[in-house]
Amino acid sequence: ESKQQMMVIAAADRLATTVLDLRRSRDTPVVTGSPVSAFVFDYDAVVTETDATTSLRKTSFDAAGALSAFTPYGTFVTNGFVHSDPDEDKLVRLDSSWTWDDPPELRRLTVGDTISGGTAWSRSVRFGGVQFARDFSLQPELVTIPLPDFFGEMAVLGSLDVFIGVSKVLSDDLRAGPFDVRNLSIVTGGGQATVVVRDLLGRETSRTINFFGDSRMLAEGLTSYSIDAGFLRKSYGEKSFDYGDAVVSGTLRHGIYDELTAEAHAEASEGVAVVGAGGIVSLFDYGSLSLAGMGSTSDAG
């Protein structure tokens, strides 16, 4: 009995697939720092003197500043600039807003001056009011674009190396059977990845695969949105408090599949309404195709 053996010969497709996923799990808890209270003042000042050797001598002063207040209940920021010369003195406020961030849920609430959300085929405007939006920058390590996958098969135990250009992005051991490398780290645009498989005897095979990444696309299941309501900002950079017509807008983008991102946008102001929809489709490893359509109605037609 001590010399008995059982040998199992199985086709590769009957073996468990080794999955190597390079994307950070979306379920990974986000660690946030303890709220702090602090004030920061940024400034930049310039004194310019022209025609210093003539009777047209002129001295001007320009300065820009921003005050930020960090509290456990959000962040307040206001900024502006001042200009002074013999012909004109000007003090202009640019933006003032209070922002509350929720990094685990990627949510941001802004009250005050901000820029409305939009898509590549719609417009964004400055307004004063309220904005509730999803902000992926709250988790900088989160990759939102679809990333390429690579499938292969190992006959025996071995190792795997993946190169993007000259940079090694993955090196790992593999057991016999099929393997699936998911979410290769790439830059946007076109490129090539080289996959090198090496068995126990040191024999290696390599394969080059093409890829294309579009920063406008969202990975499957990801959603971004922006809901805006307030009053249009007028004479920005010229006047401190000049607001016009009321405006509301909404933008929604969703990754239906890694190969398809859907988009929708609507906005309305006094006498004007606009609505549109579109999408971005991946053309395999060669590029992407964006299609969108919009309709509007206004007092002018």
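Here the side chains of D95 and V77 are not in contact, with every heavy-atom distance at 4.5 Å or above. Side-chain contact between V181 and L160: present, with at least one pair of heavy atoms (C-beta onward) separated by less than 4.5 Å. Counting heavy atoms from C-beta outward, R57 and E49 have side chains that approach closer than 4.5 Å. The shortest side-chain heavy-atom distance between W100 and V111 does not fall under the 4.5 Å cut-off. Inter-residue side-chain proximity for L109 and V130 is flagged as met; some heavy-atom pair is nearer than 4.5 Å. N210 places none of its side-chain heavy atoms less than 4.5 Å from the side chain of F284. The shortest side-chain heavy-atom distance between P148 and I209 does not fall under the 4.5 Å cut-off.
Within a 6.0 Å radius of OH in Y243, more than 12 heavy atoms belonging to other residues, nucleotides or ligands are found. Annotation: K90, atom NZ; neighbour count of heavy atoms from other residues, nucleotides and ligands within 6.0 Å is above 12. Within 6.0 Å of the CD atom in E204, the count of heavy atoms belonging to other residues, nucleotides or ligands exceeds 12. The neighbour count for F136 CZ, taken as heavy atoms of other residues, nucleotides or ligands under 6.0 Å away, is above 12.
A donor-acceptor contact closer than 3.5 angstrom links the side chains of D161 and S171. With hydrogens and angles left out, the side-chain atoms of H265 and E267 include a donor and acceptor closer than 3.5 Å. In this structure, a donor-acceptor pair under 3.5 Å is absent between the side chains of D113 and S96. A donor atom on one side chain and an acceptor atom on the other are not found under 3.5 Å apart for S116 and D228. If you check the side chains of R175 and T18, you find a donor sitting under 3.5 Å from an acceptor.
Across T59 and P86, no two heavy atoms sit closer than the pair O-CD, 3.3 Å. Of all non-hydrogen atoms in S97 and T110, the two that sit nearest each other are CB-CG2, 4.0 Å. Annotation for Q131 and S226: closest pair NE2-OG, 3.6 Å, computed over non-hydrogen atoms. Across all non-hydrogen atoms, the minimal contact from S159 to D173 is CB-OD1, 3.9 Å. Closest of all the heavy-atom pairs between S288 and I280 is CB-CG2, 4.1 Å.
A continuous path of hydrophobic side-chain contacts links I256 to V281 [ILVMFWY only; heavy atoms under 4.5 Å]. Y225 and L260 fall into different hydrophobic clusters, where Ile, Leu, Val, Met, Phe, Trp and Tyr residues are linked whenever their side-chain heavy atoms come under 4.5 Å apart, directly or through other members. One hydrophobic cluster holds both L218 and L142 under the rule that ILVMFWY side chains link at heavy-atom gaps under 4.5 Å. Linking Ile, Leu, Val, Met, Phe, Trp and Tyr residues whenever their side-chain heavy atoms come within less than 4.5 Å places F211 and I145 in a single cluster. Tracing side-chain contacts under 4.5 Å through hydrophobic residues (I, L, V, M, F, W, Y), one reaches L20 starting from L147; they form part of the same cluster.
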Checklist line | side-chain contact (heavy atoms from CB on, under 4.5 Å) between V40 and F70, intermediate numbers included | finding: CA-CA 8 Å; V40 177; F70 302 93; 3.7 Å; yes
Item checked: From CA spacing to verdict: side-chain contact (heavy atoms from CB on, under 4.5 Å), F231, V247 -> CA-CA 6 Å; F231 298 90; V247 60; 6.0 Å; no
Checklist line | Residues L94, F81; criterion side-chain contact (heavy atoms from CB on, under 4.5 Å); working and verdict | finding: CA-CA 8 Å; L94 294 177; F81 69 91; 4.0 Å; yes
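Here the CG atom belonging to L174 is positioned 6.5 Å from the CG atom belonging to D172, to the nearest 0.5 angstrom. Atom OG in S269 sits 12.0 Å away from atom CZ in F127 (nearest 0.5 Å). To the nearest 0.5 Å, atom CG of residue L222 and atom OG1 of residue T144 are 6.5 Å apart. Taken to the nearest 0.5 Å, the CZ atom of R134 stands 10.5 Å off from the CG atom of L252. In this structure, R207 CZ and Q192 CD are separated by 12.5 Å, a value rounded to the nearest 0.5 Å. Distance check: R233 CZ to K239 NZ gives 11.5 Å after rounding to the nearest 0.5 Å.
The cationic group of R93 lies under 6.0 Å from the six-membered ring centre of F241 and within 45° of the ring axis, placing it in a cation-pi geometry.
A salt bridge is absent between D149 and R182: the closest approach of a Lys/Arg side-chain nitrogen to an acidic carboxylate oxygen does not fall below 4.0 angstrom.
The main-chain N or O of S84 is never found under 3.5 Å from a side-chain atom of S60 such that the two would form a donor-acceptor pair. Of the possible polar contacts, one joining the D85 side chain to the D87 backbone as a donor-acceptor pair under 3.5 Å is found. Remark: the backbone N or O of E220 is paired with a side-chain donor or acceptor of D258 at under 3.5 angstrom. The backbone N or O of L67 sits nowhere less than 3.5 Å from a side-chain atom of T78 that would complete a donor-acceptor pair. Although no hydrogens or angles enter the test, the distance criterion places a donor-acceptor pair under 3.5 Å between the side chain of W98 and the main chain of Y73. With T17 contributing its side chain and V19 its backbone, the two residues share no donor-acceptor pair below 3.5 Å.
The aromatic rings of F179 and F150 sit tilted, their planes meeting at an angle between 30° and 60°.
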